[in-house]
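Report on the following structure.
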Amino acid sequence: YWVEAGDRVDLTLTGPDGAAVVDRTVELDKGWKRWFQFAGAKRPGAAWPAGTYRGAITLERAGTEPVVIWRAVELHDR
């Protein structure tokens with residue numbers, strides 16, 4: 001909510017092996033009251049490998065400390 005022109009948003013997702021699955025940066029050219037963004041990746045084969053996937057979204061704005069939201073999800077074999 002309430003992103004501004006000039007804000008920079010980094011979206012990262014690492015797989016169980018620590019390798020980057022998604023690494024995307026968006027620099028906003030205008031402000032939004034509500035802003036939605038996603039970053040996807042193609043599944044590597046028939047299924048995603050089991051393990052812990054870690055994601056982070058970082059919002060950077062000039063003159064302020066970055067805001068970081070971290071999440072992790074555990075995928076199990078069927």
Side-chain angles (χ1 to χ4, degrees):
Y1 289 97
W2 299 104
V3 293
E4 298 178 0
D7 286 355
R8 177 182 161 146
V9 181
D10 295 315
L11 304 119
T12 60
L13 176 67
T14 55
D17 61 357
V21 175
V22 172
D23 190 5
R24 181 172 182 191
T25 300
V26 178
E27 294 195 22
L28 301 173
D29 57 357
K30 69 180 209 174
W32 297 88
K33 291 179 185 176
R34 287 187 219 154
W35 181 72
F36 179 81
Q37 184 70 43
F38 79 95
K42 292 188 180 220
R43 183 180 59 225
W48 288 97
T52 302
Y53 290 78
R54 291 177 172 80
I57 300 170
T58 304
L59 172 70
E60 296 179 70
R61 180 176 292 162
T64 67
E65 290 291 318
V67 175
V68 182
I69 299 172
W70 299 87
R71 295 291 185 266
V73 63
E74 181 77 24
L75 296 183
H76 300 276
D77 290 329
R78 286 187 174 188

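When reading the values below, keep in mind they use all heavy atoms of this one structure, side chains included, and skip hydrogens, waters and symmetry mates.
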Exercise for the section: Return yes when atom CD of Glu74 has more than 12 non-hydrogen atoms of other residues, nucleotides or ligands closer than 6.0 Å, and no otherwise. Expected result: yes
Handout entry: Pairs where residues 46-56 contributes a residue and the test salt bridge (Lys or Arg N to Asp or Glu O under 4.0 Å) is met, not counting sequence neighbours
Key = none
Handout entry: Pairs touching residues 36-51 that satisfy salt bridge (Lys or Arg N to Asp or Glu O under 4.0 Å), sequence neighbours left out
Key = none
Spacing of [atom1] belonging to [X] relative to [atom2] belonging to [Y], to within rounding of 0.5 Å:
{"X": "Arg24", "Y": "Phe38", "atom1": "CZ", "atom2": "CZ", "answer": "7.5 Å"}
{"X": "Thr64", "Y": "Asp7", "atom1": "OG1", "atom2": "CG", "answer": "7.5 Å"}
{"X": "Glu65", "Y": "Leu59", "atom1": "CD", "atom2": "CG", "answer": "12.0 Å"}

Practice task
Please write out which residues are connected to Leu75 in a hydrophobic cluster, directly or through intermediates, given that two of Ile, Leu, Val, Met, Phe, Trp, Tyr count as joined at side-chain heavy-atom separations below 4.5 angstrom.
Solution key: Leu13, Val21, Val22, Trp48, Tyr53, Val73
Exercise for the section: Indicate yes or no for a side-chain donor-acceptor contact from Arg8 to the backbone of Thr58 under 3.5 Å, with no hydrogens or angles considered. Expected result: no
Practice task
Assess the side chains of Asp23 and Thr12: does a donor N or O sit below 3.5 Å from an acceptor N or O?
Solution key: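 Asp23 vs Thr12: no donor-acceptor pair found between side chains.
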Problem - Path from Val68 to Val26 over hydrophobic side-chain contacts below 4.5 Å - result: no
[X] to [Y] - nearest heavy-atom pair and separation:
{"X": "Pro16", "Y": "Gly51", "result": "CG-CA, 3.7 Å"}
{"X": "Gln37", "Y": "Leu11", "result": "CG-CD1, 4.1 Å"}
{"X": "Pro66", "Y": "Glu60", "result": "CB-CG, 4.1 Å"}

